[in-house]
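Per chain, numbering begins at 1; letters A, B, ... match sequence-line order. Please read these numbers as outputs of a predicted model, since none were measured by experiment.
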Number of protein chains: 2
Amino acid sequence: MSRAAEVVTVKDVPMRTTNVQDQVLRAALDLFSTQGYATTSVQEIVAAAGVTKGAMYHYFSSKDDLLFAIYDRLLSLQKARLDEIVARGAERGDAVEDVLRAVCEDVVATSIEFMPEGTVFTRSQHMLMPDRQAEVKRRRREYHEEFEALLRRGIDEGVFRGDVPTAMLIAHFFSDVHYLSQWYSPDGPLTAAQVAEQLTELFLRSIGRAPGED
Amino acid sequence: MSRAAEVVTVKDVPMRTTNVQDQVLRAALDLFSTQGYATTSVQEIVAAAGVTKGAMYHYFSSKDDLLFAIYDRLLSLQKARLDEIVARGAERGDAVEDVLRAVCEDVVATSIEFMPEGTVFTRSQHMLMPDRQAEVKRRRREYHEEFEALLRRGIDEGVFRGDVPTAMLIAHFFSDVHYLSQWYSPDGPLTAAQVAEQLTELFLRSIGRAPGED
DNA sequence: TTCGCCAAACCGACCAGACGGTATGACTGA
DNA sequence: TCAGTCATACCGTCTGGTCGGTTTGGCGAA
């Protein structure tokens with residue numbers, strides 16, 4: 001992201017520019033997640049954001065750019081959190097199960113917190129320009145590879161089962177993450193933390209070494 | 001395969017009408033699944049199907065109608081298969097785990113077979129007209145309720161765990177089903193049957209009664 | 001303090017084209 | 001002749017994007 005990274009924030013100056021970007025992005029996220037990307041017009045976005053089309057096109061080069069900015073923010077955030085949890089686990093010398101549990105619970109909780117982003121992600125990824133789409137795929141793969149390293153370590157140490165391809169285990173877990181927006185509601189009986197804990201527990205149990213396995 | 005199962009084929013009659021419908025639906029499915037619903041124009045569909053717009057609008061009332069027809073076919077098919085498997089299990093007196101296993105493996109395998117439909121389903125459900133969308137939701141709920149009945153039976157019989165809400169168990173399983181189109185490729189190393197068996201096994205292990213549970 | 005100035009921020013009218021959908025009528029087999 | 005089937009031409013609407021011009025605010029010079 002960091003499109004507005006170099007905006008110098010002098011005290012007292014209300015930095016209008018960042019505000020416009022924020023408002024537009026917020027409105028775009030809201031509309032994309034409820035109506036879908038293709039059915040939301042730029043006109044609608046700028047109206048909801050309270051700015052004009054001219055202002056929007058001053059900061060974003062295209063409608064596609066808005067979509068990518070949303071992805072970018074989510075991908076960066078989740079990757080940073082993953083890195084941090086893995087690093088902390090390593091320096092503490094935690095058991096691989098505990099690290100994986102922390103990772104899983106965090107990504108579920110974060111995905112709930114950023115559910116609109118997730119909705120847009122699932123529905124509209126194929127609408128991105130091809131190069132942007134490739135970039136998104138690349139960064140997702142990076143994330144999965146770091147996740148897979150944990151799985152492999154657990155398999156090598158004999159705490160996770162080795163009879164199912166890691167690719168399937170990865171898909172098995174991230175399916176839950178991506179599916180959240182299809183069923184979870186914060187108004188329902190379950191808190192985000194409960195969902196995170198229970199889904200993680202289900203996953204960990206399914207990948208645990210089978211009783212009779214060598 | 002036999003995707004066009006109930007088409008009545010009168011001898012010698014080239015059944016043009018059904019052909020037009022089929023061709024249009026096939027083309028729509030193909031384009032919707034690769035480009036997305038909103039970004040595919042009616043013009044493209046009829047061109048790919050080798051018919052004209054006039055012909056298409058003779059059989060379908062709107063573009064929305066095409067989308068719904070795709071959903072309708074998939075929902076009907078999977079519901080019918082579920083009903084049949086449950087009924088067969090009941091008359092044979094099979095154990096609930098075995099019935100559930102058969103159901104899970106079948107829905108995974110079927111979802112792989114009809115993956116384009118699944119892709120469209122996931123991406124474009126929110127583009128349907130509100131009443132159609134409600135109809136889709138209603139039929140999905142029906143399906144889930146029948147699935148939930150199996151879970152409840154298993155919980156009552158003490159073979160499935162009772163400490164996680166059934167709603168979450170349902171979501172946990174169907175997340176795998178919906179996520180298939182995001183990662184599975186028939187050209188990859190895994191056959192559909194293998195994926196069905198392994199995902200089902202992962203699910204069944206995660207919902208099995210915990211060792212220390214009462 | 002005030003003025004002049006300039007770059008960045010922003011405005012909003014405008015465009016070419018594509019869209020979903022329709023009106024009309026020709027063709028065809030019964 | 002008549003109902004069903006389809007081709008063709010067309011319509012009004014809306015889209016993402018552009019562009020010439022205007023406003024704004026910070027700042028050096030007077």
- line: Quick tally for nucleotides 13-18 of chain D: nucleotides whose base has a protein heavy atom under 4.0 Å get B, sugar-phosphate-only ones S, the rest -, giving --SBBB
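Listed by chain and residue number, Phe160(B), Thr166(B) satisfy the side-chain contact (heavy atoms from CB on, under 4.5 Å) test with Ile155(B) (two or more places apart in sequence, or in another chain). A search for ring-ring contact (aromatic ring centres under 6.0 Å, His included) contacts involving Phe121(B) returns Tyr71(B), not counting sequence neighbours.
Glu135(A) has a carboxylate O that lies under 4.0 Å from a charged side-chain N of Arg138(A), or vice versa, which qualifies the two as a salt bridge. Note on Asp94(A) versus Arg88(A): no salt bridge recorded, every NZ/NE/NH1/NH2 to OD/OE distance being 4.0 Å or above. A salt bridge links Arg161(A) and Glu201(B); the closest N-O separation between the charged side-chain nitrogens and carboxylate oxygens is under 4.0 Å. Here Lys79(B) pairs with Asp83(B) in a salt bridge; the nearest charged N to carboxylate O distance falls below 4.0 Å.
Atoms CD (Gln23(A)) and C1' (dC10(C)) sit 15 Å apart, rounded to a whole Å. Rounding to whole angstrom units, CZ of residue Phe60(A) and C1' of dC10(C) are separated by 14 Å.
Taking side-chain N and O atoms only, His58(A) has a distance below 4.0 Å to OP1 or OP2 of dA9(C).
Annotation: ring pair (Phe, Tyr, Trp, His ring centres under 6.0 Å) contacts involving residues 27-53 of chain B, sequence neighbours excluded, comprise Phe32(B)-Tyr37(B).
Axis angle, first five pairs versus last five pairs of the helix from dT1(C)-dA30(D) to dA30(C)-dT1(D): 0°, rounded to 10°.
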Pairs of donor and acceptor atoms involving the side chains of residues 173-180 of chain B, under 3.5 Å and at least two apart or interchain, shall be tabulated with distances.
residue   : atom : partner   : partner atom : Å
Ser175(B) : OG   : Ser175(A) : OG           : 3.0
Ser175(B) : OG   : Asp176(A) : OD1          : 3.0
Ser175(B) : OG   : His172(B) : O            : 2.8
Asp176(B) : OD1  : His172(A) : ND1          : 3.1
Asp176(B) : OD1  : Ser175(A) : OG           : 3.0
Asp176(B) : OD2  : His172(A) : ND1          : 2.7
His178(B) : NE2  : Arg140(B) : NH1          : 3.1
Tyr179(B) : OH   : Arg140(A) : NH1          : 3.4

